[in-house]
Amino acid sequence: AQSVTQLGSHVSVSEGALVLLRCNYSSSVPPYLFWYVQYPNQGLQLLLKYTSAATLVKGINGFEAEFKKSETSFHLTKPSAHMSDAAEYFCAVSGSNYQLIWGAGTKLIIKP
Amino acid sequence: ETGVTQTPRHLVMGMTNKKSLKCEQHLGHNAMYWYKQSAKKPLELMFVYNFKEQTENNSVPSRFSPECPNSSHLFLHLHTLQPEDSALYLCASSQGSPITDTQYFGPGTRLTVL
């Protein structure tokens with residue numbers, strides 16, 4: 001069965017430190033991969049997506065993610081965290097049933 | 001109004017009430033979705049509409065009844081809900097394919113069932 005695993009329901013980093021949010025997936029078909037962000041009291045918005053072009057994908061707000069087929073991973077990174085990055089982040093993969101399969105989310109906490 | 005709007009933003013209802021959630025998208029998209037978001041769980045896709053036709057119903061209980069009168073509007077009719085139905089209900093839209101196209105989400109309706 002297809003699935004998405006986000007390691008860590010909460011990740012805490014200091015302002016200015018590297019952000020690393022992990023996403024591993026299983027898929028029986030070549031995947032499309034997405035990262036969405038949800039700020040408090042808002043809906044989700046797209047950060048970036050992988051659609052089988054370049055394996056390193058750049059998104060909004062300085063985030064990027066690298067598709068690693070051999071590791072079935074699509075981890076999200078940002079070199080320097082900002083207070084405004086505090087939010088919940090969701091990884092999703094295209095499923096064979098023509099639906100997105102979603103991870104449970106990782107809440108990013110930024111310490112001043 | 002721009003993007004995807006949802007009303008009401010908050011709703012408290014008893015188990016015997018009937019209420020409706022409304023979603024409107026101003027993006028000219030052809031597909032619309034209802035999701036249920038519960039804490040610490042993946043988003044649960046409930047219903048998918050493409051060009052006003054329902055294409056997916058992910059084993060959702062009949063106490064949830066969707067309606068899509070046109071490609072811009074989506075409703076979720078609620079009746080005789082259970083306390084475990086309390087959650088954030090998100091509406092989303094996309095141009096076409098749900099697995100390749102970006103989905104645009106509304107802010108959600110926070111539903112509490114007493």
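None of these values were measured; they are calculated from a predicted model. Computed over heavy atoms, backbone and side chain alike; hydrogens, waters and symmetry mates excluded.
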Where on [X] is there a heavy atom nearer than 4.5 Å to chain B: the side chain, the backbone, both, or neither?
{"X": "A/Gln99", "answer": "both"}
{"X": "A/Gln38", "answer": "side chain"}
{"X": "A/Tyr36", "answer": "side chain"}

Examine whether an atom of [X] lies under 4.5 Å from a heavy atom of chain A, and if so say whether it belongs to the side chain, the backbone or both; otherwise answer neither.
{"X": "B/Leu90", "value": "side chain"}
{"X": "B/Ser97", "value": "both"}
{"X": "B/Arg9", "value": "side chain"}
{"X": "B/Glu44", "value": "neither"}

Would you call the rings of A/Phe67 and A/Tyr50 parallel, tilted or perpendicular, where under 30° means parallel and over 60° means perpendicular?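 Plane angle under 30°, so parallel.
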What option among B/Pro42, B/Gly106, B/Gly108, B/Pro107 has the most heavy-atom pairs under 4.5 Å with chain A?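 Ranked by contacts with chain A, first place is B/Pro42.
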Of all of A/Gly105, A/Gly103, A/Ala104, A/Pro31, which one pairs up most often with chain B through heavy atoms under 4.5 Å apart?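 Ranked by heavy-atom pairs under 4.5 Å with chain B, first place is A/Ala104.
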Is atom CG of A/Asn41 surrounded by more than 12 heavy atoms (other residues, nucleotides or ligands) closer than 6.0 Å?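 No - once you tally the heavy atoms of other residues, nucleotides and ligands closer than 6.0 Å, there are 12 at most.
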Given side chains that start at C-beta, do those of [X] and [Y] come closer than 4.5 Å, heavy atoms only?
{"X": "B/His73", "Y": "B/Cys68", "answer": "no"}
{"X": "A/Cys91", "Y": "A/Leu76", "answer": "no"}
{"X": "B/Leu81", "Y": "B/Asn17", "answer": "no"}

Quick one: CG on B/Leu74 to CD on B/Glu24, what's the gap to the nearest 0.5 Å?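 Answer for the CG-CD pair, B/Leu74 versus B/Glu24, is 11.0 Å.
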Taking the six-membered ring for Trp and the full ring for Phe, Tyr or His, determine whether the centres of B/Phe105 and B/Tyr33 are under 6.0 Å apart.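 No, too far apart.
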